[in-house]
Structure formats: structure tokens, C-alpha cells
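This report concerns only the one structure given below.
Here the structure is a predicted model, which is why all the values come from computation and not from measurement.
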Amino acid sequence: MEEKWDSACEWCKENWQSIVSVFVTIVIVVGIVILSISTFGTAIPVIAVGVVGAIVGISGQLISDIISCAITGDWDGNWQSYIGSAIGGFAGGVLLLLTNPIAACSAEAAISTFFGENLENITGGQKRSTFEILFDTGLSTGTAAFFSVALSKITGKLSKTLSKKIPVFKRLSGINSYDASFKMVITKLKQGSIKKFHYKTIRNGVISGLSGGALENIASGFFDGIKEWYDEWRELLQN
């Protein structure tokens, strides 16, 4: 029993910074949710956008990992990063109710990276120093903000082109698009004119989020793959 207690104390001593970081991140996300609910007086739209954000976050992480794997030949995805993406996506979705898309996207990237990498430290995944985690968090935040601005117009034009030329993509843009339908329901939920949302609301939001962030996720995966390949190549040369 004493050995287990000593082992637990040693584990806490080694990982206290990451433990505190994970706890603080959860508190921040809960605070965002409470602020949003108090602002609109109802939890329904907050739950809707949060669930959509979490699904889009996980899906976006998967897309990025696939692109990165195609470049490096190695699968670097792990369950910690997907949990981080889910929590970051949930927070980013909720922040869309309170801020603008660029701020929400940046916050999502920051929370996903910060939470996921600290969770890796705690659960025995890849060990990173506080500086490395903060650097990765800043890099992912800046990259997300840049891609969100730089690729938004391209994504919009691509969606319009696909919706006109390929029937299956006809709802990617326009007044009857998935995005427009999702935003209309969320607006009604915020106003209290409807009291519940259908599963189609989640579907519309997820398709809208994935189509809108597809280029960003691909670019992010490509960037991560190149960075990973370069790091491995440099390490090989040093050895």
C-alpha cells in the first residue's frame, strides 16, 4: 500500500503541471458554456452547436491525420489528440454563438492542442515540456487563424462551383444550403421560437462545418506531415 502511495505521489510530482493544465482547460470550457447559456437564457442552442463542434473537431483531426500519414508513412494519431479535438471543437462551436468564426476557430485549435498534449503527458503518451506544449499551442492557433482567413474565400468559391456542377453538392451553398439551414435553426433556438432541435440540425451543422473547414484540415495535415518528416530527417542526420 505504501509503495502504491509513493508511486502515486511521484506520478503527481512529475505530472503536476499537466494535471493543472488539464483541469484549468476544463474549467475554461465549462465557463464558456455557462457564459453562453446565461447570455441566451437557454442551453438548447449551446448543446446543439457544441455537439456539432465536437463531431467536426474529431472529423477534422481524422482528416489531418490521414493527410499527414500519406506524407510520412506513419500514423501519428492517438486517442488523446481526438479527445482534445472533441473538447476543443465543443468549445469552438459554443464560441461561434459569442464571437466570430476566426476567433472560434483559433480558440478551438488552442484548446485542442493544449488539452491533448497535456493529456498525453498525464497518460503516458509522448512526453513534452511545458515550453513545447505552449509552442505547439501557439503554432496551431496561429495556423488555424491564418488558414481560416486565407482559405475562407477559396472554400466559398469552391462550394459554389461544386454545388452548381455536381448535383450531390447542391446544398453546399445558397439560401437552402446546410449552413443556412443550420444557422436558421440555431437562431430560432436562441430566440426561443422553437424549443428543440431535430437530428437533421446536427447533420446540417456537421456537413457545413466539414465542407467549410475541409481545405483548412487538409492544409493543416499537410503542414504537420512536412514538419514531422523534417524532424525525423534532421534527427536521422544528427545520429
Side-chain angles (χ1 to χ4, degrees), residues 1-36 50-51 53-69 72 74-95 103-145 217 220-221 223-236 238-239:
M1 185 68 179
E2 185 177 349
E3 289 184 3
K4 292 183 178 180
W5 175 257
D6 291 340
S7 178
C9 290
E10 184 64 25
W11 178 81
C12 290
K13 183 179 178 180
E14 292 177 355
N15 298 284
W16 71 269
Q17 289 179 315
S18 289
I19 294 171
V20 171
S21 296
V22 166
F23 177 76
V24 170
T25 305
I26 292 174
V27 170
I28 290 173
V29 173
V30 171
I32 291 172
V33 173
I34 292 175
L35 175 61
S36 186
V51 170
I55 296 174
V56 171
I58 293 172
S59 302
Q61 181 67 48
L62 178 60
I63 293 172
S64 295
D65 286 341
I66 291 174
I67 299 298
S68 178
C69 180
T72 63
D74 297 322
W75 181 264
D76 294 322
N78 54 64
W79 64 269
Q80 295 96 332
S81 63
Y82 283 92
I83 291 180
S85 295
I87 293 176
F90 187 94
V94 174
L95 281 172
C105 183
S106 300
E108 175 185 347
I111 292 173
S112 297
T113 303
F114 188 74
F115 186 92
E117 293 192 356
N118 276 294
L119 186 61
E120 279 190 74
N121 280 359
I122 294 174
T123 56
Q126 182 177 348
K127 287 290 184 179
R128 294 180 176 87
S129 66
T130 301
F131 174 79
E132 288 176 318
I133 292 176
L134 291 176
F135 177 81
D136 288 346
T137 300
L139 182 62
S140 62
T141 303
T143 302
N217 292 324
S220 178
F223 180 82
D224 290 342
I226 293 296
K227 180 176 179 294
E228 183 69 23
W229 179 83
Y230 173 75
D231 290 341
E232 291 178 358
W233 176 74
R234 186 177 62 178
E235 184 178 348
L236 184 62
Q238 290 176 347
N239 294 333

Acceptor/donor pairs from residues 53-68 side chains to any protein atom, 3.5 angstrom cut, sequence neighbours excluded:
from	atom 1	to	atom 2	distance (Å)
S59	OG	I55	O	2.8
Q61	OE1	S85	OG	2.9
Q61	NE2	D65	OD1	3.1
Q61	NE2	D65	OD2	3.4
S64	OG	G60	O	3.2
S64	OG	N217	O	3.1
D65	OD2	Y82	OH	2.7

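Here the closest non-hydrogen pair linking R128 and E117 is CD-OE1, 3.2 Å. Closest heavy-atom contact between T137 and A110: CG2-O, 3.6 Å. Among all heavy-atom pairs drawn from G88 and I111, the shortest one is CA-CG2, 3.7 Å.
Partners of S18 according to the side chain to side chain donor-acceptor pair (under 3.5 Å) rule, which considers only residues two or more places apart in sequence or in another chain, are N118, N121.
Using a 4.5 Å cut-off on side-chain heavy atoms (C-beta onward), F90 and V33 make contact. Using a 4.5 Å cut-off on side-chain heavy atoms (C-beta onward), F114 and L134 make contact.
Annotation: side chain to side chain donor-acceptor pair (under 3.5 Å) contacts involving residues 104-114, sequence neighbours excluded, comprise T113-S140.
A distance of 3.5 Å separates CZ in F115 from CD1 in I87, rounded to the nearest 0.5 Å.
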| request: In sequence, state the C-alpha distance, the side-chain angles, and the governing distance for V27 and F23, and then conclude on side chain to side chain contact (heavy atoms under 4.5 Å, CB included). | output: CA-CA 6 Å; V27 170; F23 177 76; 3.9 Å; yes
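At most 12 heavy atoms of other shown residues, nucleotides or ligands fall within 6.0 angstrom of atom CH2 in W16.
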